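To start, the structure itself, in structure tokens.
Since we're looking at a predicted model, the values are computed, not measured. Chain naming here is simple, since letters A, B, ... match the order of the sequence lines and numbering starts at 1 in each.
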There are 2 protein chains.
Amino acid sequence: MTRPTSPPVPDAELLRLDHQVCFSLHAASRAFGSVYRDALKDLGLTYPQYLVMLVLWEHGPQPVKTIGEQLRLDSGTLSPLLKRLETAGLVRRERSAEDERSVTIHLTDAGEELRERALPVPRRMLAATGLTVDELRTLRGLLGRVTSALDDA
Amino acid sequence: MTRPTSPPVPDAELLRLDHQVCFSLHAASRAFGSVYRDALKDLGLTYPQYLVMLVLWEHGPQPVKTIGEQLRLDSGTLSPLLKRLETAGLVRRERSAEDERSVTIHLTDAGEELRERALPVPRRMLAATGLTVDELRTLRGLLGRVTSALDDA
DNA sequence: GACGATTGTGTTGTGTGCAACTTAGTTGCG
DNA sequence: CGCAACTAAGTTGCACACAACACAATCGTC
């Protein structure tokens, strides 16, 4: 614990800081998207599509709902995205037998095989950030706390 | 400088960390957007529109180009956004006299007046993040470094 | 078993974000 | 001057992201 921020931080600075953080977050998110776009171009995936594939590669076939929970995306975003992945021949939809409302997403053989080609992507991204492992952990921690706090608000 | 991260950090952990950071950034960015949406609903602004208004409130009339530089947005995003702000009666477009290619964006009276109603927004956002001022500074610093590094890549 | 509430998915409409292209105006160089 | 290169803004097309709504299947309660 440091001192309780001795000079009580004037309003003006607080407001500027808020703007700067929001700007930074917005800009950083888009900068990541941009670099991922390059890294994923050869695979024919967009960044959100890659995130969905990661979930499927790691945890196997699962309903739309659980994919959405992990990525914080709703059906309005996932339905058309999954349709594009299906058109690309990477996933397959299957109505669940137990619950006819549920649609289970499976990887096709092509989807499984794409994993190999995607393996070098994370290391490339990691290098592109220019941060140390410790800094990445700090960043992840702060972002996680912000997201939780904002979700509660 | 800390030690050079003595146990050389296994590949698997690095990859997971990269995913977690990207997930976190993506999620945090959208969580911010969601809370801003609520905070700005009464003003009739979206978050990116609010960012543009902030630039105009702080730095006065200026061409589309400089707005884009500050927000890292190109004309493909700004042109329709500014058109919507114009339709809402908040800004005015004016062809520059010296350089006919350039369009200067001015605030209308309504646009100026909206500033008063927007004043409480940053404090509300700041509180919603649940972070201390020091943590916000750390976050801003890390995000800035990541963005610079990614832009170079 | 009947029926209202809930749940999982999909659709529609609006607003970014960005690549690629177009148009009009400006600049530089022979 | 004349013309190519460049620049600022706008347009088009595609892919998120999300609110609001639609629909069918399921569940809970009686």
Quiz prompt | Carboxylate-amine/guanidinium contact A:Arg92 A:Glu94, below 4.0 Å | solution = yes

Practice problem: Check the distance between C:dT16's C1' and B:Leu85's CG and give it to me in whole angstrom. | Solution: 12 Å

Self-check item: side-chain N/O A:Arg95 vs C:dT9 OP1/OP2, d < 4.0 Å
Solution: no

Quiz item: What integer distance in Å separates B:Leu78:CG from C:dT16:P?
Solution: 10 Å

Practice problem: Take atom CZ of A:Phe32 and atom C1' of C:dC18, then tell me their distance rounded to the nearest Å. | Solution: 18 Å

Quiz item: So, do A:His26 and B:Phe32 have ring centers that fall under 6.0 Å from each other?
Solution: no

Practice problem: Using atom CD of B:Gln62 as one end and atom P of D:dA8 as the other, report the distance to the nearest whole Å. | Solution: 14 Å

Exercise. Using a 4.0 Å cut-off on protein heavy atoms (strictly under), produce a 5'-to-3' string for nucleotides 21-27 of chain D with B for base contact, S for backbone-only sugar-phosphate contact, and - for none.
Key: ----BS-

Exercise. For A:Ser102 and A:Ser96, indicate whether the former's side chain and the latter's backbone hold a donor-acceptor pair under 3.5 Å.
Key: no

Quiz prompt | Whether A:Tyr50 and A:Tyr36 hold their rings parallel, tilted or perpendicular, with breakpoints at 30° and 60° | solution = tilted

Quiz prompt | Nucleotide D:dC6, atom C1' - distance to NZ of B:Lys65 in whole Å | solution = 12 Å

Quiz item: Quick one: what's the B/S/- string for nucleotides 13-18 of chain D, heavy-atom cutoff under 4.0 Å, read 5' to 3'?
Solution: --SSBB

Quiz item: Within a reach of under 6.0 Å around CG of B:Asp109, are more than 12 heavy atoms found that belong to other residues, nucleotides or ligands?
Solution: no

Quiz item: How long is the line joining OH of A:Tyr36 and P of C:dC18, in whole Å?
Solution: 16 Å

Exercise. Look at the side-chain N and O atoms of B:Lys83 and state whether any lies under 4.0 Å from the OP1 or OP2 oxygen of D:dT11.
Key: yes

Self-check item: Between C1' of D:dG10 and CD of B:Glu86, the distance in whole Å
Solution: 13 Å

Exercise. For the residue pair B:Gln62 and B:Glu69, confirm or rule out a side-chain donor-acceptor distance under 3.5 Å.
Key: no

Quiz item: Would a distance-only check, ignoring hydrogens and angles, find a side-chain to backbone donor-acceptor pair under 3.5 Å from A:Glu58 to A:Val55?
Solution: no

Quiz item: Could you state the CZ-C1' distance from A:Arg93 to C:dT9, rounded to the nearest angstrom?
Solution: 9 Å

Practice problem: Keeping the roles fixed (side chain from B:Ser75, backbone from B:Leu78), state whether a donor-acceptor pair exists under 3.5 Å. | Solution: no

Quiz item: Do B:Leu85 and B:Leu45 have side chains that get closer than 4.5 Å, going by heavy atoms?
Solution: yes

